[in-house]
J.: 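Below you will find the structure I want to go over with you.
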Amino acid sequence: MTPGILAAKKAKISYTVHEYEHDPSAESYGNEAADKMGVDPNRVFKTLVVATDGKELVVGLVPVTRMLSLKLIAKAAGTKKAGMADKQDVQRSTGYVLGGVSPLGQKKRLKTFIDATAEQYDTVFVSAGKRGLEIELAPADLAQLTGARFAPLQQD
């Protein structure tokens, strides 16, 4: 059990855990997850941590098929700029290793934004806290558990 799964269990929400054999040579962990689970990759969301111009770390969740717009996440966070966070800062603040960062059960709860396209699905998939482990849950439950807001986050 990862902290992400424990957080969902503790909140008593409906969720499903999906495990698959992770290939360390996979170029994209998110696309690998979608392929191995046989689901639409637009429903699989990657967890990206950015640092704002005020040095605050925030989380952006976007479909694995898309790129995070740093302009849009900065706007959602109410700052002028955002850049990808330092790997050590991500691991230290979330408690997760890159490629397995879950938006759920983070060591330090970071401000979180979910791409608005998530709302068109009954359920979405996010990392459960390690490579090869995904958790499927309703977008509203994901937002509730992370204190997230829905916002447009995809790069054109």
Side-chain angles (χ1 to χ4, degrees), residues 1-52 56-70 72-73 82-148 150 153-155:
M1 285 270 193
T2 65
I5 295 170
L6 290 173
K9 187 175 187 166
K10 186 178 173 188
K12 294 182 169 60
I13 60 149
S14 178
Y15 67 92
T16 306
V17 174
H18 299 270
E19 195 165 5
Y20 60 90
E21 192 63 42
H22 167 63
D23 176 359
S25 68
E27 283 185 34
S28 163
Y29 298 137
N31 285 324
E32 176 196 27
D35 289 346
K36 293 205 171 168
M37 293 186 302
V39 298
D40 177 356
N42 293 307
R43 290 179 55 211
V44 180
F45 282 67
K46 55 188 169 185
T47 307
L48 301 169
V49 182
V50 301
T52 65
E56 176 188 17
L57 295 182
V58 298
V59 174
L61 295 163
V62 293
V64 299
T65 55
R66 304 302 304 240
M67 297 283 290
L68 173 68
S69 165
L70 294 174
L72 290 176
I73 194 159
M84 295 311 294
D86 176 74
K87 181 177 163 177
Q88 276 78 27
D89 291 343
V90 172
Q91 292 181 181
R92 195 174 18 261
S93 63
T94 66
Y96 293 115
V97 208
L98 285 166
V101 176
S102 177
L104 306 170
Q106 295 177 352
K107 200 167 16 172
K108 179 183 177 210
R109 188 169 168 178
L110 302 175
K111 193 182 291 182
T112 302
F113 300 93
I114 304 168
D115 185 68
T117 59
E119 293 181 288
Q120 68 191 11
Y121 301 108
D122 291 336
T123 60
V124 293
F125 299 78
V126 295
S127 174
K130 72 177 201 179
R131 296 172 189 156
L133 198 63
E134 295 281 311
I135 186 167
E136 177 184 4
L137 67 170
D141 288 337
L142 176 60
Q144 180 196 337
L145 280 174
T146 58
F150 292 99
L153 299 176
Q154 295 181 26
Q155 208 171 55

J.: Should we say atom CE of Met84 is surrounded by more than 12 heavy atoms from elsewhere, each under 6.0 Å from it?
T.: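 Check passes, neighbour count above 12.
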J.: Within a 6.0 Å radius of atom CD on Glu21, are there more than 12 heavy atoms belonging to other residues, nucleotides or ligands?
T.: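 At most 12 heavy atoms, drawn from other residues, nucleotides or ligands, come within 6.0 Å of this atom.
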J.: To the nearest 0.5 Å, how far apart are CG in Leu153 and CG in Leu48?
T.: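 If I round to the nearest 0.5 Å, the distance is 9.5 Å.
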J.: Quick check on side chain to side chain donor-acceptor pair (under 3.5 Å): which of Arg131, Glu32, Lys36 does His22 satisfy it with?
T.: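 Only match with His22 under side chain to side chain donor-acceptor pair (under 3.5 Å): Glu32.
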J.: Hey, is the main chain of Leu110 close enough, under 3.5 Å, to the side chain of Thr112 for a donor-acceptor pair?
T.: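 At least one qualifying donor-acceptor pair exists.
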J.: Which pair of non-hydrogen atoms, one from Phe45 and one from Val64, has the smallest distance, and what is that distance?
T.: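 Here Phe45 and Val64 meet closest at C-CG1, 4.3 Å.
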J.: With a 4.0 Å cut-off, would you call Arg43 and Glu136 a salt bridge?
T.: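 Glu136 and Arg43: salt-bridged.
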J.: Would you say that more than 12 heavy atoms from the other residues, nucleotides or ligands in this model lie under 6.0 Å from the NZ of Lys130, or not?
T.: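 Counting neighbours around NZ of Lys130, 12 or fewer heavy atoms of other residues, nucleotides or ligands fall under 6.0 Å, so no.
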J.: Checking Thr94 side chain against Gln106 main chain: does a donor-acceptor pair fall under 3.5 Å?
T.: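 No, Thr94 side chain to Gln106 backbone: no donor-acceptor pair under 3.5 Å.
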J.: Begin with the C-alpha distance, continue with both residues' side-chain angles, and end with the deciding distance and a verdict on side-chain contact (heavy atoms from CB on, under 4.5 Å) for Met37 and Val44.
T.: CA-CA 10 Å; Met37 293 186 302; Val44 180; 4.3 Å; yes
J.: Testing the basics here: between Pro63 and Thr117, what is the closest heavy-atom pair and its distance to 0.1 Å?
T.: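 Shortest heavy-atom contact: CG-OG1, 3.8 Å.
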J.: With a 4.5 Å cut-off on side-chain heavy atoms, are Leu72 and Phe113 touching?
T.: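 Side chain of Phe113 against side chain of Leu72, heavy atoms only: no contact under 4.5 Å found.
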J.: So which atom in Gln91 and which in Tyr96 form the shortest heavy-atom distance, rounded to 0.1 Å?
T.: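 That closest heavy-atom pairing would be CG-O, 3.2 Å.
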J.: Specify the closest pair of heavy atoms between Ser102 and Ser127, including all atoms of both residues, with the distance to one decimal.
T.: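 Scanning both residues completely, I find the closest heavy atoms to be OG-O, 2.7 Å.
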J.: Under 3.5 Å, side chain of Glu119 to main-chain N/O of Phe150, donor-acceptor pair present?
T.: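 No, the answer is negative, given that no donor and acceptor are paired below the 3.5 Å cut-off.
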J.: Just verifying a value: how many Å separate Ile5 CD1 and Leu133 CG, rounded to the nearest 0.5 Å?
T.: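 Those atoms lie 4.5 Å apart.
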J.: Taking the side chain as every heavy atom from C-beta outward, state whether Leu104 and Thr146 have any pair of such atoms under 4.5 Å apart.
T.: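 Result yes, sub-4.5 Å side-chain heavy-atom pair found.
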J.: Please lay out, stage by stage, how Leu142 and Val124 fare under the test side-chain contact (heavy atoms from CB on, under 4.5 Å).
T.: CA-CA 9 Å; Leu142 176 60; Val124 293; 4.1 Å; yes
J.: Donor-acceptor pair, distance only, cut-off 3.5 Å: does the side chain of Thr65 make one with the backbone of Pro41?
T.: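 Judged by distance alone, no pair lies under 3.5 Å.
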J.: Indicate the atoms forming the closest heavy-atom contact of Tyr29 with Tyr20, along with that distance.
T.: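 So the minimum-distance heavy-atom pair works out to O-OH, 3.9 Å.
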J.: Working note: Asp115 + Leu61, criterion side-chain contact (heavy atoms from CB on, under 4.5 Å); need CA distance, chi angles, decisive distance, verdict.
T.: CA-CA 6 Å; Asp115 185 68; Leu61 295 163; over 6 Å; no
J.: For residues Asp141 and Tyr15, determine if any side-chain heavy atom of one lies less than 4.5 Å from a side-chain heavy atom of the other.
T.: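 Of all side-chain heavy-atom pairs linking Tyr15 with Asp141, none is under 4.5 Å.
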J.: Give, for atom CG of Leu70 and atom CD of Gln155, the distance between the pair rounded to the nearest 0.5 Å.
T.: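 So the gap between those two atoms works out to 7.0 Å.
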J.: When rounded to the nearest 0.5 angstrom, what distance separates CD in Gln144 from CG in Leu137?
T.: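 Between atom CD of Gln144 and atom CG of Leu137 there are 10.5 Å.
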J.: Rounded to the nearest 0.5 Å, what's the gap from OG1 on Thr52 to CG on Leu57? Could you check?
T.: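 Answer for the OG1-CG pair, Thr52 versus Leu57, is 8.0 Å.
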J.: Looking only at heavy atoms, which two atoms of Pro103 and Thr47 are closest? And how far apart?
T.: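 Reported closest heavy-atom pair: CD-OG1, 3.3 Å.
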